[in-house]
Amino acid sequence: MTAPVVFDPANDAAAGARSVAALTLGTNDTPGARRIRDAFARAASEGRAALIPYVVAGYPDADASFATAIAAAEAGADLLELGLPYSDPLADGATLQRASGIALRAGATFDASIALLRRIAAARPDLVLVPMAYANQVLGGGDGRAVASRLVEAGASGVIVADLTPDEGEAFEVVARDIGLAVIYLVAPTTEPGRRARIAARSGGFLYCVSLVGVTGARKSLPRSVRRLVADVRASSRVPVAVGFGVSRPAHVRTLAHAGADGVIVASALVDALGPDGRDIRALGHLVRSLLAATAR
């Protein structure tokens, strides 16, 4: 799908050693990663980028978030990212912080999020599910085995740990490989090229490309530099590249698909579509369908 990764040891005295080590790490050979890659491949075979909607677990309550997830699936989601509510979501902007806070006040817990994941997987067994969480939720001062095992048992193919970098993720990757889970890493516009390639070599299933400098949130427009960013990231990645943060409108999706993104992730705009009470499922389904129509290359 993309050109082989080329490491340049001349740029960093330790880069060669790290690049060799990276090839023995990562989670891209796990069953979860293969399921993820298959979903991207199906979308590519239809001449489009994969669409990855985001749903906040437990927002505005457990049953409503289940209905939201099913509506996103029925409207054409290729994969579903399920955000696990957290008290300090440092990567999230105002919309997702608000939704996460409402979910927590409505009784959302990690156990409840696992139950919701299992419920979605049972209702839509062909839908690839990728929870998004934070290191405290997954690792909790340990190696993450207990939580990762529960995620896999509930139906997750991969996990995005937003504040976990490969520098600190090796032990968790060992656990994830053992239980078949893909660990998906993020790169940003500020990630320097050599490091970007090393992160891509460690990411399982796909690589999450953050489109802008900042937190999540619907935007009127994407940075003008996003086309070049997508091209550069794809050139250094062996796995599919999905772009998120700020992606809000069909025009944004179209731009990213034409720029070569293998997938697009839409989060805050979908939460906004649910309305002030988080229950306008019809509006969300309409937006997902319009986003899907824009994924054609």
Side-chain angles (χ1 to χ4, degrees), residues 21-42 50 52 54-55 57-58 66 69 73 77-86 91 108-187 198-208 237-240 242 263 265:
L23 297 177
T24 66
L25 298 172
T27 54
N28 201 38
D29 289 330
T30 59
R34 289 192 286 273
R35 280 201 75 198
I36 291 169
R37 293 200 307 272
D38 286 348
F40 279 92
R42 283 192 296 272
I52 310 172
Y54 176 104
V55 171
F66 173 73
D78 294 290
L79 303 89
L80 185 73
E81 185 179 348
L82 185 68
L84 308 188
Y86 182 54
T109 61
F110 195 84
D111 287 347
S113 295
I114 293 290
L116 176 63
L117 180 67
R118 183 178 292 108
R119 187 180 177 189
I120 296 168
R124 291 293 184 275
D126 294 332
L127 181 63
V128 176
L129 301 175
V130 179
M132 195 285 283
Y134 288 88
N136 276 348
Q137 294 173 288
V138 177
L139 304 180
D143 65 3
R145 181 175 294 273
V147 169
S149 297
R150 293 182 67 192
L151 291 174
V152 170
E153 291 166 1
S157 293
V159 63
I160 301 164
V161 185
D163 53 347
L164 181 69
T165 68
D167 310 86
E168 300 173 327
E170 183 176 343
F172 184 53
E173 289 175 25
V174 171
V175 167
R177 283 200 304 276
D178 188 43
I179 63 175
L181 184 70
V183 179
I184 298 150
Y185 287 117
L186 295 84
V187 295
R198 294 191 292 273
I199 293 173
R202 296 271 293 276
S203 196
F206 73 92
L207 178 66
Y208 194 132
S237 179
R238 293 184 176 90
V239 295
I265 301 167

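The structure presented is a predicted model; accordingly, all values stated were derived computationally and were not measured.
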Measure the CZ-CG distance between Phe110 and Asn136 for me, rounded to the nearest 0.5 Å. 11.5 Å
Heavy-atom pair of closest approach, residues Gly205 and Ala182: N-CB, 4.3 Å
Would you find a donor on one side and an acceptor on the other, under 3.5 Å apart, between the side chain of Thr27 and the backbone of Glu173? no
Would you mind checking if Arg150 and Asp111 are paired as a salt bridge, meaning a charged N to carboxylate O distance below 4.0 Å? yes
For Ser113 and Leu82, work out which heavy atoms get closest and say how close. O-CD2, 4.4 Å
How long is the span from the OH atom in Tyr54 to the CG atom in Leu79, to the nearest 0.5 Å? 15.0 Å
Given 3.5 Å as the limit, does a donor-acceptor pair link the side chain of Arg35 with the main chain of Ser157, or not? no
Looking at CD1 of Ile160 and CD of Glu81, how far apart are the two atoms once the value is rounded to the nearest 0.5 Å? 4.0 Å
Can a donor-acceptor pair be found, under 3.5 Å and without considering hydrogens, that links the side chain of Asp143 to the backbone of Ala171? no
One pair to check against side chain to side chain contact (heavy atoms under 4.5 Å, CB included): Val161 and Asp163. What are the steps and the verdict? CA-CA 6 Å; Val161 185; Asp163 53 347; 3.9 Å; yes
Nearest heavy-atom pair of Tyr185 and Gly169: which atoms, and what distance? OH-CA, 3.5 Å
Check whether any side-chain N or O of Gln137 sits under 3.5 Å from a backbone N or O of Met132 as a donor-acceptor pair, and report yes or no. no
Do the side chain of Ser149 and the main chain of Arg145 share a donor and acceptor less than 3.5 angstrom apart? yes
Counting only heavy atoms from other residues, nucleotides and ligands, does the tally under 6.0 Å from CG of Asp29 exceed 12? no
Shortest non-hydrogen contact from Ala57 to Leu84? CB-CD2, 4.4 Å
Mind listing the closest non-hydrogen atom pair of Ala200 and Val239 along with its distance? O-CG2, 4.2 Å
Can you tell me how far apart CG (Asp167) and CZ (Arg202) are? Round to the nearest 0.5 Å. 7.5 Å
For residues 123-130, please give each side-chain donor-acceptor pair under 3.5 Å, one per line with the distance, not counting sequence neighbours.
| residue | atom | partner | partner atom | Å |
| --- | --- | --- | --- | --- |
| Arg124 | NH2 | Glu74 | OE2 | 2.7 |

Do you know the tightest heavy-atom contact between Ile184 and Gly204? CG1-O, 3.2 Å
Which value, rounded to the nearest 0.5 Å, describes the distance between Ile52 atom CD1 and Asp78 atom CG? 7.5 Å
Nearest-0.5 Å distance that lies between atom CG in Asn28 and atom CZ in Arg37: 4.5 Å
Can any side-chain N or O of Arg177 pair as donor or acceptor with the backbone N or O of Thr30 at less than 3.5 Å? no
Look at the rings of Phe206 and Phe40 and say which category their plane angle falls in: under 30° parallel, 30 to 60° tilted, over 60° perpendicular. tilted
